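The block underneath contains the structure these notes are about, expressed in structure tokens.
Quick caveat, the model's predicted, so the values are computed rather than measured.
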Amino acid sequence: MADQMEAVQLCMGAEVLGCARPIIAAPGASATELRFAAARLAECLADALRIAESRGGRPSYGSGDGGRTEPGDAGGT
């Protein structure tokens, strides 16, 4: 069941990416359109990271002290 759900989430991510690229590339895209695309992409990225973490494939970010931080967080790389 989990494998099926992961496959659906990854497929949806690919579809969202395919729809978002033209919006991002469009010179006349409105701020609302860009925010919507960014929000959907962020949701898909969160799903992909959750899948990678559950599979043990997510890279660990941190300062070497065993604490885990994300890129862009204070102390992250």
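Within the hydrophobic cluster formed by Ile, Leu, Val, Met, Phe, Trp and Tyr side chains joined at under 4.5 Å, directly or through other members, Met5 stands alone, with no partner residue.
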Side chains of residues 6-16: which donor-acceptor pairs under 3.5 Å do they make with residues two or more places apart or in other chains?
unit_1: Glu6; atom_1: OE1; unit_2: Arg55; atom_2: NE; d: 3.0
unit_1: Glu6; atom_1: OE1; unit_2: Arg55; atom_2: NH2; d: 2.7

Name the atoms and distances for all side-chain donor-acceptor pairs under 3.5 Å in residues 21-28, with sequence neighbours left out.
none

Checklist entry - What do the steps show when you test Leu45 against Leu41 for side-chain contact (heavy atoms from CB on, under 4.5 Å), and what is the final call? => result CA-CA 6 Å; Leu45 177 58; Leu41 289 168; over 6 Å; no

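Under the side chain to side chain contact (heavy atoms under 4.5 Å, CB included) criterion, Glu43 pairs with Arg40, not counting sequence neighbours.
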